[in-house]
Structures are given as C-alpha cells and as structure tokens.
There are 2 protein chains.
Amino acid sequence: MAKNLRGKLMIFALGGLDEIGKNMYVVQYEDDLIVIDSGLMFPEEGMLGIDIVIPDVTYLVENQQKIRGIFLTHGHEDHIGALSYVLRKVRAPIYATRLTMGLVEHKLREAHLLNDTKRIVVDSHSVVKLGVFRVSFFATNHSIPDSVGVCVDTPEGTVVHTGDFKFDMTPVNGQMADMHKMAEIGKKGVICLLSDSTNAERPGFIGSERSVGEGLDEVFRKAKQRIIVATFASNIHRIQQVVDACFAHGRKLAVVGRSMINVVNIASELGYLQIPSDMIIDPDEINRLPAHRVAVMSTGSQGEAMSALTRMANASHRKVEILPGDTVVIAATPIPGNERMIGRTIDQLFRIGAHVVYSKTAHVHVSGHGAQEDLKLMLNLLKPKYFIPIHGEYRMLLAHAQLAESVGVKPENIFVCDNGDTVEVSGGKARYGAKIHTGKVLIDGLGVGDVGNIVLRDRKLLSQDGILVVVVTLSKKHGHILSGPDIISRGFVYVRESEQLLDEANRVVNLTMERCMKEKISEWASLKTSIRDSLSKFLYERTRRRPMILPIIMEV
Amino acid sequence: MAKNLRGKLMIFALGGLDEIGKNMYVVQYEDDLIVIDSGLMFPEEGMLGIDIVIPDVTYLVENQQKIRGIFLTHGHEDHIGALSYVLRKVRAPIYATRLTMGLVEHKLREAHLLNDTKRIVVDSHSVVKLGVFRVSFFATNHSIPDSVGVCVDTPEGTVVHTGDFKFDMTPVNGQMADMHKMAEIGKKGVICLLSDSTNAERPGFIGSERSVGEGLDEVFRKAKQRIIVATFASNIHRIQQVVDACFAHGRKLAVVGRSMINVVNIASELGYLQIPSDMIIDPDEINRLPAHRVAVMSTGSQGEAMSALTRMANASHRKVEILPGDTVVIAATPIPGNERMIGRTIDQLFRIGAHVVYSKTAHVHVSGHGAQEDLKLMLNLLKPKYFIPIHGEYRMLLAHAQLAESVGVKPENIFVCDNGDTVEVSGGKARYGAKIHTGKVLIDGLGVGDVGNIVLRDRKLLSQDGILVVVVTLSKKHGHILSGPDIISRGFVYVRESEQLLDEANRVVNLTMERCMKEKISEWASLKTSIRDSLSKFLYERTRRRPMILPIIMEV
C-alpha cells in the first residue's frame with residue numbers, strides 16, 4: 001500500500017481533562033510531536049497518604065524519538081510540577097518564557113536534572129521551528145506574569161492552546177494580553193483551539209487583579225498594628241500589590257513560608273517584582289520595629305496544615321507571633337475541598353484577637369481564570385473551526401462547549417474529550433481517533449507509582465476501623481498451638497476500655513482453631529480464612545465495625 | 001452563711017458553639033433546668049471511621065434531679081439527632097411541636113425508647129410551667145415546618161432561644177413567622193437572647209423559599225423526559241414545591257432514598273405535606289409510564305457515597321436508571337467540605353447525558369438560615385439586654401456579635417461563648433461564671449465513646465503509610481530465634497513490586513535482633529523498640545514514608 005500522501009494531525013491530553021491539575025497536552029503530526037505543559041495534581045480524597053499525582057507518560061516514552069520539545073505556558077505547579085519526574089523518563093528540550101524558566105530551573109536544580117536538560121527561553125515574539133511545526137506565542141493575562149498562549153502551525157493548519165488566561169484590561173504590570181496578535185492569528189485561520197475551562201460556569205467577565213489592590217489599600221489604611229497577608233506564593237501580581245501597599249503606607253515587609261520566599265527571590269532577580277531595596281526585612285526584625293511599620297507576606301491561604309499562616313494561627317510559628325489587634329488578610333478563595341481547613345484557620349486567628357479580612361467579607365481576591373465573557377472573547381478573536389475545551393472537570397468542559405456553541409462554533413465541531421481521547425485532523429476534517437494510554441501516577445514520598453489501588457484500598461480500610469493482628473504459633477511436628485492466639489489491635493478500640501471485648505475475641509479465635517484442628521484443616525490459607533471470617537462476624541455483631549483482620553500463623 | 005436571697009440564672013451550651021451541629025443549650029435557675037435541643041454533628045476530617053458526634057452530657061447526668069424537660073425547636077438532625085443517645089443517660093420529658101415529635105418518635109421507636117419517654121406535644125400557643133420556669137413558643141420560618149423559638153420566663157427575666165430561623169415573607173405553607181408575638185415579647189423585655197448565627201457573614205435578607213418554586217417550575221416546563229430532583233430529605237417545603245410542580249405539569253412522583261421516604265411518610269400522615277392521593281407511584285412503576293409523565297424525588301444532594309442520587313449517577317441504583325435527556329435538579333448547595341463529592345456526581349450525571357440543573361447555574365436553592373438583615377430584624381424585635389450568638393463556628397458568632405452591636409446592643413453585654421462557658425445572670429446583671437465540662441462523644445458503629453484520640457491518631461497513621469507487622473518467635477529456654485522475622489505489610493507498598501525492599505527490611509530486623517542478643521537485651525519492650533527504630537529509620541531513608549511498625553515477639 002502506498003504511503004498516505006497526506007499526513008495526520010493528532011491532538012490529545014495526557015492530563016488536564018476532567019480534572020483540575022496535571023496538565024499535559026500533545027500535538028503530533030506523524031513523526032513530530034510537541035508537548036504543552038507538564039503539571040502535577042494534588043491528591044483527591046481517597047488517595048490516602050499520597051503527596052502528588054502526575055500523568056502517566058508511557059506514550060511519550062514509547063515515542064521518545066518523535067518528541068521535539070516541551071513547551072510551558074506559565075510557571076504554576078499544575079503546569080510545570082511534573083517536569084522533574086517526566087524528565088527522568090523522557091529527554092526533551094524545554095521551551096519557556098523567562099520567569100517560567102526561572103521557576104523550572106529551581107526545580108530541576110533540586111532534582112539534579114539541570115545540566116542534562118536543554119533549555120530555551122522564549123518570549124511572546126519568538127518563533128520556534130521544530131520538524132514540521134512552527135511554534136509561536138502570544139502574551140496572556142493570568143495570576144502569574146509571563147504567561148503565554150501557544151500557537152502551533154502544522155501542515156493541517158494552526159492549533160492554538162490558550163494556556164490559563166483571563167482578559168485583564170488594567171493589568172498590574174501594565175502588560176496587556178496580546179489581543180492584536182490573537183486577532184491576527186484568528187484572521188489567518190485556526191483549525192483547532194484548546195482553551196481554559198476553569199471558570200466556564202461563571203457568568204460575566206472575571207475582572208481585573210488591580211481591583212484587589214484597592215481592597216488591600218483600604219485594609220492598609222485602616223490597620224493600626226501589623227498586617228499579615230496570606231496569598232498564593234505564585235501570584236506575583238498580588239505580591240506586587242502588597243509591596244505597593246507597603247510602600248504607600250510606609251511599612252517594611254517580611255516574607256515567610258518556603259515557597260513564598262523562593263518565588264519572591266526568583267521573581268525579584270528576574271525583574272518581575274519591583275521591591276524597594278530597603279523594604280524587605282528579616283522575620284527576626286519584626287519585633288524591633290513599631291507594629292504599624294511592619295507587614296508580613298505569608299503562605300497558607302488555603303489553611304494547609306504545615307503552612308506559615310496556619311502555624312501563626314496556632315501560635316507555633318518560630319518567628320512570627322500574631323497579637324491582638326493585628327490585621328490578617330487572606331487574599332484568596334478556598335479551592336474546593338479546603339473550605340473547612342481555612343475556616344478553622346480564620347476562627348483561630350479571630351480567637352487570638354486579630355482582625356481577619358477574608359473573601360467572604362471583603363474584596364481581596366479575583367481569579368486568574370477568565371469567566372464566560374472572557375472565554376467568549378477568546379473564541380471570537382480566534383474563530384476556530386474545531387474546539388476542544390481543556391483544563392477543567394467534566395461539567396466545566398461541557399459549560400465551555402456550550403459557550404463555544406453560543407458564539408457560533410458548530411456543535412459537531414466541538415470535541416469534549418477525556419485524557420487519552422485523540423482528535424485527528426486530516427484533509428481539514430477532524431474526528432475522534434484511537435484512544436491513547438494515560439493514567440494517574442501516584443507519588444508517595446520517594447515512591448513513584450508503587451502505591452496503587454490495592455494499597456489505597458487497604459489504607460482506606462485501615463483508616464475506617466483499624467486493624468487486628470492475630471498471631472498463633474503452631475508446633476510443626478504435632479500441629480498444636482504452642483503460643484497464642486495473641487490479638488493486637490491498632491485504630492480499633494481503646495484497649496483498656498474494651499478488655500472484655502478482646503478477651504471474647506480471643507475465645508472466638510481459640511474455638512475456631514479447635515474446630516479447624518478437629519476437622520483436620522491444616523492448610524494455612526484455610527486456617528487463616530476461618531479465623532478471619534469468624535472474628536470478623538463476631539466483631540461486626542458486637543460493634544458494627546469491620547476492622548482489617550490479619551491472621552499470622554508461625555510454625556516452629 | 002445565709003442562703004442567697006436571690007438565685008442565679010445560668011445559660012450555657014453543651015454543644016453548638018464554634019461548630020455547626022450537636023446543638024444543646026441549657027437554661028438553669030438553681031434547682032431547675034431545661035435543655036433546648038439535643039442534636040448530633042457529622043464527623044470532621046480527621047475523625048476517621050466515626051459515624052456521628054454527640055455532646056458529652058456528663059453535666060446532665062450529674063444534675064439528673066434538676067432536669068425539668070428537653071425542648072426541641074425543630075426536627076433537624078443537628079437538633080434532635082442525639083436524643084436516643086442522651087435518653088439512655090438521662091431521663092426527661094420531651095416537649096416538641098407535632099411534626100418534630102413525629103420525627104422524634106420514629107427515632108425513639110427504632111431505639112426502643114418510645115415507651116419509656118414522656119412526650120408532650122406543644123404548639124406556638126402552648127405555655128408550659130416547670131419549676132420556676134414558664135416556657136412559651138413562637139413560630140419561625142425555617143427549612144422544615146413547625147419550627148419554633150423558645151421563650152423562657154425565669155425569676156431573672158425572659159430568656160429567648162430563636163432556634164434556626166429566617167424571615168420568609170411569602171412562606172410556602174402560608175405560616176408566617178410570629179412577628180407580633182416576638183414584638184410583644186420584646187416589648188415586655190428580654191434579659192438574654194440566643195440567636196442562630198449560621199449566615200451571619202452573609203449580607204442582605206436570605207429570601208423566600210417560594211422563589212425556589214419558580215425555579216423548579218421553569219425546569220418542569222422545559223423538561224421533555226423524566227425529572228429527578230435531589231434535595232435534603234428534611235426540607236418539607238421544598239418537597240411540597242416539587243409535589244406542586246408535579247401537579248401543575250401532570251407528572252407522577254416516585255420517592256427514593258430511605259430518609260426521604262421516611263420524612264415524606266411522617267409529614268404526610270401528620271398533614272404537613274399535601275400530596276394528591278394518586279400522585280405517588282412506586283419506583284418500580286417508573287418505567288411503565290411515559291418519561292414526560294414521571295418525576296423522582298431523591299436523597300443525595302450532597303453527593304453522599306451511598307445515597308440514591310449517587311447510585312443513580314453511577315448506574316448502580318436498583319430501581320431508577322437515568323437516561324440521556326433526563327433532567328436532574330440538585331436543589332441544594334454543597335455544605336462546606338462536600339464540594340468535590342457533589343461535583344463528581346454532577347460530572348457523572350452529565351456523562352450519562354442528563355441535563356443537570358444545579359445551584360451554580362440556576363436558582364434551585366435558598367438557605368433556611370437568616371442572613372444579616374434577618375438577624376438584625378430578630379434583634380430589633382426582641383431588644384435583648386444581653387446577647388449570646390449561638391449555632392455557628394467562631395467567625396460566624398463574631399459576625400453575629402457585630403450585627404448585635406450595630407443595632408444597639410452594648411458590646412459589654414454580648415457574650416461570645418464556647419461550649420461549657422456559662423453566662424450567669426443575677427440581680428439583672430450578667431457575667432461569665434464557672435466553666436462546665438462538655439466535649440465530643442464519638443460514635444463508631446455501636447461504640448459510644450470507645451474511640452478517642454489514641455485510636456484516631458492510629459487510624460490517621462495507618463491511613464497515611466499503612467502498617468508493617470514484624471513477627472519473631474523466640475525460644476523461651478535459649479532465647480534464640482525459632483521462626484521469623486516475618487514481615488507482613490498492609491497499605492504500605494505493592495508487595496510484588498517491592499520484594500527487594502522488604503527483603504532488605506527483613507535483613508535490617510535480623511541484624512537488629514542479633515545486635516540485641518549480643519548486647520543481652522532480652523526485655524521485650526527494649527527489643528521491640530530497637531526493631532521499630534531501626535526499621536523505621538531504614539524505611540524512611542529508602543521511601544520517605546513512616547508506616548506504623550508493629551513488632552510482635554512470641555516465645556515458645
């Protein structure tokens with residue numbers, strides 16, 4: 001059979017669809033492929049003990065020779081956080097804007113991967129030619145500077161990936177989204193658009209980050225003692241606005257929290273944060289200055305257990321103590337799932353006697369992701385033939401699909417995909433192609449992928465009702481019990497208050513053993529099953545609980 | 001010393017402050033006390049395996065002879081759910097309105113407590129004289145009918161407890177809150193007000209339940225196939241509005257979910273739900289009727305794992321299958337902490353092809369708790385001298401305190417309390433009194449209070465990194481190893497993929513045992529500690545995890 005005269009363009013996600021996190025998208029044309037983003041996700045409930053989740057990149061490993069580069073849209077963890085794991089599996093040059101690259105280099109240095117990784121800094125004017133592709137960029141607004149959309153010219157037409165974006169008409173750093181370039185790209189024609197769906201359920205425009213500056217300014221004007229502002233470490237515009245408020249109101253600024261210090265250092269060095277040289281003080285100096293001359297910028301806006309703000313709230317931070325009359329600003333909204341943790345932190349701060357300013361009671365946060373009108377504007381500027389909503393849980397992708405339809409994209413040209421679903425474009429026509437293997441790789445400590453469903457199921461079981469270990473030693477010669485049964489429990493009941501229950505449990509095991517021996521059941525497996533079943537039944541009847549039961553039989 | 005001529009009024013909470021749930025308040029004057037509400041709380045994160053939480057009623061047990069009665073403000077679980085546990089510890093007659101009593105009786109019957117409990121049905125016109133107290137009631141609006149506030153005349157003046165309330169100017173059942181009576185009580189003078197703080201952070205009036213009816217009507221008008229409405233089982237007004245919509249649009253109604261069926265039965269029997277006699281169908285009949293002639297009312301509005309709606313979404317409900325084109329209404333907002341679960345349910349329903357209508361995209365829910373203007377109206381009607389915000393987490397109590405201040409209650413007359421803090425009133429003056437013992441009693445299965453901090457800590461540990469059990473059998477005579485060490489792990493790593501690691505772990509234990517024997521360490525406690533320490537160190541270095549390690553030494 002003759003080789004296809006016309007090649008095939010494939011677009012798919014290895015992560016980022018039906019989830020918020022682990023973004024990783026692939027654009028492939030025959031023997032050339034580029035990867036867009038390489039992010040991590042924080043574990044969902046049920047992923048007990050898991051630290052982070054990354055995409056399964058088996059496809060990339062199997063297509064190593066086709067990978068031309070990994071392009072990063074911006075420096076957030078859900079877009080760059082898997083990089084040091086991915087680069088242990090595949091080799092590829094990294095393309096990123098300056099700030100993004102600064103944050104990436106810090107990561108790669110910690111992972112001892114810096115020297116082995118080719119890194120190319122781009123800006124919104126760069127053009128990169130790789131295989132059949134011509135890759136260019138356009139500046140966007142997001143909650144971190146130097147965010148870009150990626151424009152990939154392919155033999156089948158132009159594919160655009162927006163990255164995370166909103167339209168901020170009065171951006172804090174004065175850098176407008178590059179609407180002229182988007183318009184130009186749209187005019188030339190876009191075969192397929194991939195666009196951020198995070199806020200597709202929210203009506204209106206999302207609004208300017210600058211409005212938060214006004215909220216902060218009001219807080220600074222009123223505060224009589226110290227001000228502590230907690231926000232996302234990566235929100236450099238927000239940090240800049242805190243710095244500006246400090247300058248306007250004559251306060252020095254201390255920075256606490258490892259990730260906050262790290263981002264402030266990198267962003268300052270690279271010129272993305274303008275901080276007067278004498279403004280920053282060491283946390284140790286806080287107490288030497290009058291309270292109304294100090295502000296603190298901190299991590300912990302999500303109530304994370306080990307974060308700086310949570311420690312301060314619990315009076316266990318080594319350097320910063322919050323005093324009655326201090327003002328604490330939580331300049332963030334809770335990420336779904338964190339409401340109760342942040343609620344407890346706020347309560348704790350109020351208990352200390354702090355004035356707490358938070359999103360329910362003041363305007364101290366706007367999202368970095370565009371709402372419905374932002375998304376429609378992007379769609380209208382780029383006028384794509386085909387559309388794939390990305391970066392969102394399923395209902396968000398669907399809501400974005402409806403928006404696309406409302407601005408004139410044909411319903412049959414909208415592909416609401418799962419990770420691994422491929423959209424193939426050939427001869428100007430798109431359709432679903434073969435499914436590609438993807439998945440979640442769980443990381444627990446140093447272990448990558450060694451915790452799977454069985455381990456998680458066991459952790460779940462253990463977390464609900466604990467464990468009972470039943471140990472019996474048998475005589476190898478005579479088969480009779482030499483020692484035990486001993487029952488040890490953890491996470492089941494207070495042993496002291498439940499002695500009687502455990503005594504009876506012991507008797508149940510003893511009776512079971514006797515019965516088994518009478519019936520000449522001597523295989524360990526059957527013996528263990530009998531012990532597990534009888535004990536489980538007894539305990540459920542008595543307590544309505546189902547602890548894990550682990551029978552151990554030793555022969556000597 | 002002569003006895004005080006003047007007695008002392010004490011007001012305190014055994015539950016309900018700095019938390020949403022397990023409401024239980026006490027009004028005591030010398031040798032007479034009454035209890036208001038007796039609720040449960042659902043477990044917080046970290047309370048692994050716990051089913052429910054109830055107040056510690058030690059104080060009531062110790063003051064059994066003073067208890068004159070338990071008054072219930074309304075029939076929600078956070079106000080009546082602990083009753084069957086409390087009545088096993090203390091005896092007291094129950095005073096409640098008709099619907100509330102109907103729900104309580106169902107509970108007591110299940111707990112075999114019905115016959116031993118004196119029950120007195122009251123209405124908003126009743127007056128109950130108990131000891132020094134004269135107790136009366138006023139009707140309020142809430143998300144369940146027959147809700148009342150409680151007015152307690154004491155020798156020190158009138159104490160008012162609002163129960164849960166809002167002001168609904170167009171209530172679904174036509175029963176207005178008894179503002180005239182509130183005004184009258186206020187005019188006579190209120191020494192102390194206890195008022196619901198749930199929505200004290202929300203500006204404005206909360207709005208009428210009737211507005212949800214309009215939202216539902218629109219959904220019913222548009223739907224072409226079956227309609228499934230999920231809401232709180234206890235929201236009888238909401239249920240009535242679903243019934244009304246079914247009537248208006250000619251649909252039969254099937255009720256699914258144990259708690260929903262239970263509430264519908266009780267409320268219908270008592271006349272609190274008006275359902276046309278031929279409207280209700282058995283879930284088995286759903287498929288026999290045309291899709292546009294059927295609606296289903298269901299539990300599961302919070303995405304609870306075992307609820308009817310979640311089962312339907314996962315296509316595992318025995319009787320109801322959701323088909324593409326069906327409409328699902330989730331007539332509730334997520335309770336903080338449930339956002340992700342309900343999000344997943346919505347996604348799953350969309351995947352099936354259902355039209356999903358939920359609070360982010362339509363008006364299908366209003367809260368039953370008044371917002372700031374409702375709360376101010378209550379304060380202004382009752383004009384209390386002293387004020388105790390109740391029913392809320394700390395920041396909500398504080399927000400409510402500020403509202404009270406804003407309508408003229410003196411700041412020094414506002415008591416923001418914790419559970420167990422007492423406010424004492426004597427000679428018309430209030431101050432903090434001695435603290436009373438309270439606490440959380442955790443219920444796990446049939447166990448009441450047998451799971452405490454140690455057990456929870458173990459469950460937490462087990463849930464994070466699992467457990468390794470190390471078993472060694474020693475010779476009693478010679479002290480040498482007869483069998484083992486055997487290492488069994490659960491919830492730690494996939495055993496198959498980590499054989500090498502476990503082999504090495506085995507070697508670590510062996511070396512430790514040898515060292516101990518050489519050093520003549522033969523006490524089990526020291527031996528176990530050595531094994532635990534060396535193995536823990538080894539595993540942390542290799543995996544950065546800290547599983548629980550349980551050494552078991554058997555001697556034969």
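Since the model is a prediction, treat every value here as computed from it, not as a measurement. Every chain is numbered from 1 and lettered A, B, ... according to where its sequence line falls, protein lines coming before strand lines.
When each of B:D421, B:V416, B:N419 is checked for a side-chain contact (heavy atoms from CB on, under 4.5 Å) with B:L17, only B:N419 meets the rule.
Between chain A and the residues B:S475, B:P334, B:G447, the most heavy-atom pairs under 4.5 angstrom are made by B:G447. Contact count against chain B (heavy-atom pairs under 4.5 Å) is highest for A:D444 among A:V455, A:D444, A:I488. Of the residues considered (A:L462, A:L48, A:V471, A:D458), A:L462 shows the highest number of contacts with chain B, using heavy-atom pairs under 4.5 Å. Ranked by non-hydrogen atom pairs under 4.5 Å with chain A, the options B:G337, B:A399, B:G491, B:G445 are led by B:G491. In terms of non-hydrogen atom pairs under 4.5 Å with chain B, the most contact-rich of A:I454, A:D51, A:T361, A:V356 is A:I454.
For B:V493, the parts lying near chain A are the backbone and the side chain together; criterion is any non-hydrogen pair under 4.5 Å. Within the 4.5 angstrom heavy-atom criterion, atoms from both the backbone and the side chain of A:Q464 approach chain B. Contact annotation for B:D486: only side-chain heavy atoms (C-beta onward) come within less than 4.5 Å of a heavy atom of chain A. Looking at A:Q372, neither its backbone nor its side chain comes within 4.5 Å of chain B, counting heavy atoms on both sides.
Here the CD-CG distance, from A:E499 to A:N506, works out to 12.0 Å after rounding to the nearest 0.5 Å. One distance of note links CG of A:D450 with OG1 of B:T543; it measures 8.0 Å at 0.5 Å rounding. A:E201 contributes atom CD, which lies 3.5 Å from atom OH of B:Y358 (distance to the nearest 0.5 angstrom).
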* To do: Apply the test side-chain contact (heavy atoms from CB on, under 4.5 Å) to residues B:Y540 and A:L446: give CA-CA distance (whole Å), side-chain angles for both, the deciding distance (0.1 Å), then the verdict.
  => CA-CA 9 Å; B:Y540 186 72; A:L446 297 180; over 6 Å; no
Practice problem: Show your reasoning for whether salt bridge (Lys or Arg N to Asp or Glu O under 4.0 Å) applies to B:R395 and B:D18. | Solution: CA-CA 8 Å; B:R395 62 193 179 285; B:D18 196 26; over 6 Å; no
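The heavy-atom pair separating B:F492 from A:V451 by the smallest distance is O-CG2, 4.0 Å. Scanning all heavy atoms of the two residues, the minimum distance from A:L397 to A:C417 falls at CD1-O, 3.9 Å.
Without hydrogens or angle criteria, A:E541 side chain to A:F538 main chain gives no donor-acceptor distance under 3.5 Å. Checked by atom type and distance alone, the side chain of B:Q302 never pairs as donor or acceptor with a backbone atom of B:E339 at under 3.5 Å.
Listed by sequence position, A:R544, A:R545, A:M548, A:L550, A:I552 are the residues of residues 544-553 of chain A in contact with chain B, using a 4.5 angstrom heavy-atom cutoff. Proximity to chain B among residues 345-353 of chain A is limited to A:I346, A:D347, A:F350, A:R351, judged by heavy-atom separations below 4.5 angstrom.
A search for ring-ring contact (aromatic ring centres under 6.0 Å, His included) contacts involving B:H391 returns B:H79, B:H369, not counting sequence neighbours. Applying the salt bridge (charged side-chain N to carboxylate O under 4.0 Å, His left out) test to B:E45 and every residue at least two apart in sequence or in another chain returns A:R340, A:R344.
Around atom NZ of A:K460, no more than 12 heavy atoms belonging to other residues, nucleotides or ligands sit under 6.0 Å away.
A 4.5 Å side-chain heavy-atom check between B:E504 and B:Q500 finds at least one atom pair inside the cut-off.
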